[in-house]
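The structure under discussion appears below in the form of structure tokens.
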Amino acid sequence: MTTAREWLGRIETLALPRTVKVMNVCGGHERSIAMAGLRKALPGKVELVPGPGCPVCVCPEEAIYQSIRLALDEAVTLVTFGDMLRVPVNVPRGEVRSLEQARAAGADIVPIASPLEAVAVARSHPRSKVVFFAAGFETTTAPVAAMLVEGVPDNLSVLLAGRRTWPAVAMLLESEAPGFDALIAPGHVSTVMGPEEWEFVPHRHAIPSAVAGFTPESLLAALYSVLRQLIEGRCFLDNCYPELVRPGGNRTAQRQISDALEIVDASWRGIGTIAASGYALRAQLAAHDASRLYPSFEDAARKRAGQMPPGCDCARVVLGRIYPDQCALYGRACTPRNPIGPCMVSDEGACRIWWASGVREPRAAESAKSA
Ligand code: SF4
């Protein structure tokens, strides 16, 4: 097997005519890149840009607010993935601004790690109404769909904030300034949905692309592939994660998603509405759809896209417009202990990942590379 050092050696031999920006759209990729110190190891002409790869970061602010109000105002047990608990919403000072604070205020909120645990909580509390607040990309949404298809207890409903990754990349590519020259496509999403979903990137936009796994070796293989494509003037989707990414993806998971969910236009925090980028429960599952069961917590006045706390640059971080340490609050007002925006909360958020990798200060002046 080719080692990371060997891949780096191959990349160094490439004669890049200019600085090249390569975007990844996966928090797992960004974590591997940052923790392995790949940015510092690469030639100066290669920039790795983290893009919209964190589902917690793009979960609409109003969805989190609604889940907080549900937990506080309705007699329900709210279960959700642990990294949602600390994501802040924008409310006046003194009001409950996260699920963690709602829990401290007495709401019955249970952190879970999988949909199976949501079912277990509902089964163990048959007299309670249990709401599963489920935010995530395809890899998280697929098990939620499987849970619904297989049948859930009558007392379990789902408040779904599922998102599809490729429409966000398509939106970037259709903008005036996509901000990247090549794409490293997410391996885990491709495992479920099939690598074919990403073929539009080279075919329609002439952007070199490669699917990568999570090791430095796989990421560097994908990087080498897209850099070579750029130099040679070629464009295709290279599968650099063939161990798990197979043509067509996981048909069973896709069928379960299709059976339980429909594709809808969806709001992305800091970005706005992206066409066909979200999932909603199908009408036949209305009895388990929290958005239909608890209409009282919906507040039309809070239906606003792009809402970030004052000074927080998460929206531009998520879109790859700036690096995390280019936010003026990074490492000063905003740290994992005191997060201002969602990107510093989630393990998949670029700000949190950069902090964990040792980047502790905002960058002083414009420079090409950091972490
Ligand atoms: S450092 Fe904090 S405030 Fe700045 S973009 Fe990241 S999460 Fe938002």
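Quick caveat, the model's predicted, so the values are computed rather than measured. Atoms within a ligand are numbered from 1 in the order they appear, just like the ligands themselves.
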Which of these, Cys59, Cys54, Pro55, sits in a side-chain contact (heavy atoms from CB on, under 4.5 Å) with Cys57?
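So the option named by the test is Cys54.
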Ion pair present between Glu12 and Arg5, side-chain N to carboxylate O less than 4.0 angstrom?
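A salt bridge is absent here (no side-chain N lies under 4.0 Å from a carboxylate O).
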Hey, is Glu100 close enough to Arg86 for a salt bridge, meaning N to O under 4.0 Å?
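Yes.
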Considering only residues two or more places apart or on different chains, which pairs with a residue in residues 137-163 satisfy side-chain hydrogen bond (donor to acceptor under 3.5 Å, both in side chains)?
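side-chain hydrogen bond (donor to acceptor under 3.5 Å, both in side chains) check on residues 137-163 returns Glu138-Thr165.
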Pair Tyr224, Glu6: side-chain N/O donor-acceptor within cut-off below 3.5 Å:
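Checked: Tyr224/Glu6 side chains show no N/O donor-acceptor pair below 3.5 Å.
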Counting no waters, what protein N/O/S atoms lie under 2.8 Å from atom 6 (Fe) of ligand 1?
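Protein N, O or S atoms closer than 2.8 Å to atom 6 (Fe) of ligand 1: Cys351 SG.
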Out of curiosity, Asn239 CG to Ser209 OG, how far, rounded to the nearest 0.5 Å?
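Between atom CG of Asn239 and atom OG of Ser209 there are 12.0 Å.
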